Amino acid sequence: MRGKIVQEMVFTSLVDKANRTGHLVKRIVIVEAGNIAITPYKGQVYVFTSFVFTSASSVVGEVEVPDELVESARAFVHAKEEFNGLREKFETLLR
């Protein structure tokens, strides 16, 4: 699938945003896969769906993303949603 390489400034706190001391990140956004965004950052890979292009989003290129990577990203998002669905059970254990 075709992915857009998007560059954005991200902020980890309101103080960072106020001081404009964010971090420039690049993400791969795959529009045809539900705007899934894949962001390698500081040794981790962050994946989420429904990415919204804003005025802060700068498309700096395109890349062909192998289907197996797209499917792995989709599976991760699905697993994360499924696990988050167990939140109440974990909260019950903490009462």
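Since the model is a prediction, treat every value here as computed from it, not as a measurement.
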Trainee: So do the side chains of Ile38 and Val45 get within less than 4.5 Å of each other, counting heavy atoms only?
Mentor: yes
Trainee: Inspect the surroundings of CG in Leu86 and state if more than 12 heavy atoms from other residues, nucleotides or ligands are less than 6.0 Å away.
Mentor: yes
Trainee: Which heavy-atom pair separates Met1 from Asp67 by the least distance, and what is that distance?
Mentor: N-OD1, 3.6 Å
Trainee: Excluding sequence neighbours, so at least two apart, what forms side-chain contact (heavy atoms from CB on, under 4.5 Å) with Leu93?
Mentor: Phe90
Trainee: For residues Ile30 and Arg2, report the shortest heavy-atom separation together with the two atoms involved.
Mentor: CG2-O, 3.8 Å
Trainee: How long is the gap from CD on Glu81 to NE2 on His78, to the nearest 0.5 Å?
Mentor: 8.0 Å
Trainee: Kindly work out whether a path of hydrophobic side-chain contacts (I/L/V/M/F/W/Y, heavy atoms less than 4.5 Å apart) joins Val70 to Val77.
Mentor: yes
Trainee: Is there a continuous path of hydrophobic side-chain contacts, each under 4.5 Å between heavy atoms, that joins Phe11 to Val25?
Mentor: no
Trainee: What is the distance from atom CD of Glu8 to atom NE2 of His23, rounded to the nearest 0.5 Å?
Mentor: 14.0 Å
Trainee: Determine the minimum heavy-atom distance between Gly3 and Ile28, stating which atoms define it.
Mentor: CA-CG2, 4.1 Å
Trainee: In this structure, would Val31 and Val65 fall into the same cluster of hydrophobic residues linked by side-chain contacts under 4.5 Å?
Mentor: no
Trainee: Name all pairs fulfilling the salt bridge (Lys or Arg N to Asp or Glu O under 4.0 Å) condition that reach into residues 86-95, sequence neighbours left out, sorted by first residue then second.
Mentor: Arg87-Glu91
Trainee: Does Tyr41 belong to the same Ile/Leu/Val/Met/Phe/Trp/Tyr cluster as Phe48, with side-chain heavy atoms less than 4.5 Å apart forming each link?
Mentor: no
Trainee: Hey, could you give me the CD1/CZ distance between Ile36 and Phe51, rounded to the nearest 0.5 Å?
Mentor: 12.5 Å
Trainee: Quick check for you: to the nearest 0.5 Å, what is the distance between Ser58 atom OG and Ile5 atom CD1?
Mentor: 11.0 Å
Trainee: Within the side chain of Lys80, is there an N or O that forms a donor-acceptor pair under 3.5 Å with the backbone of Val47?
Mentor: yes
Trainee: Can you tell me how far the CD atom of Gln7 sits from the OG atom of Ser57, to the nearest 0.5 Å?
Mentor: 11.0 Å
Trainee: Between Val60 and Val63, is there shared hydrophobic-cluster membership here, with clusters defined by ILVMFWY side-chain heavy atoms closer than 4.5 Å?
Mentor: yes
Trainee: Looking at Ala37 and Arg27, what are the two nearest heavy atoms and their distance?
Mentor: CB-CD, 4.3 Å
Trainee: Please examine the side chains of Phe53 and Lys4, heavy atoms only from C-beta on, and report whether any two atoms are closer than 4.5 Å.
Mentor: yes
Trainee: Are Glu71 and Arg74 close enough that some pair of their side-chain heavy atoms sits under 4.5 Å apart?
Mentor: yes
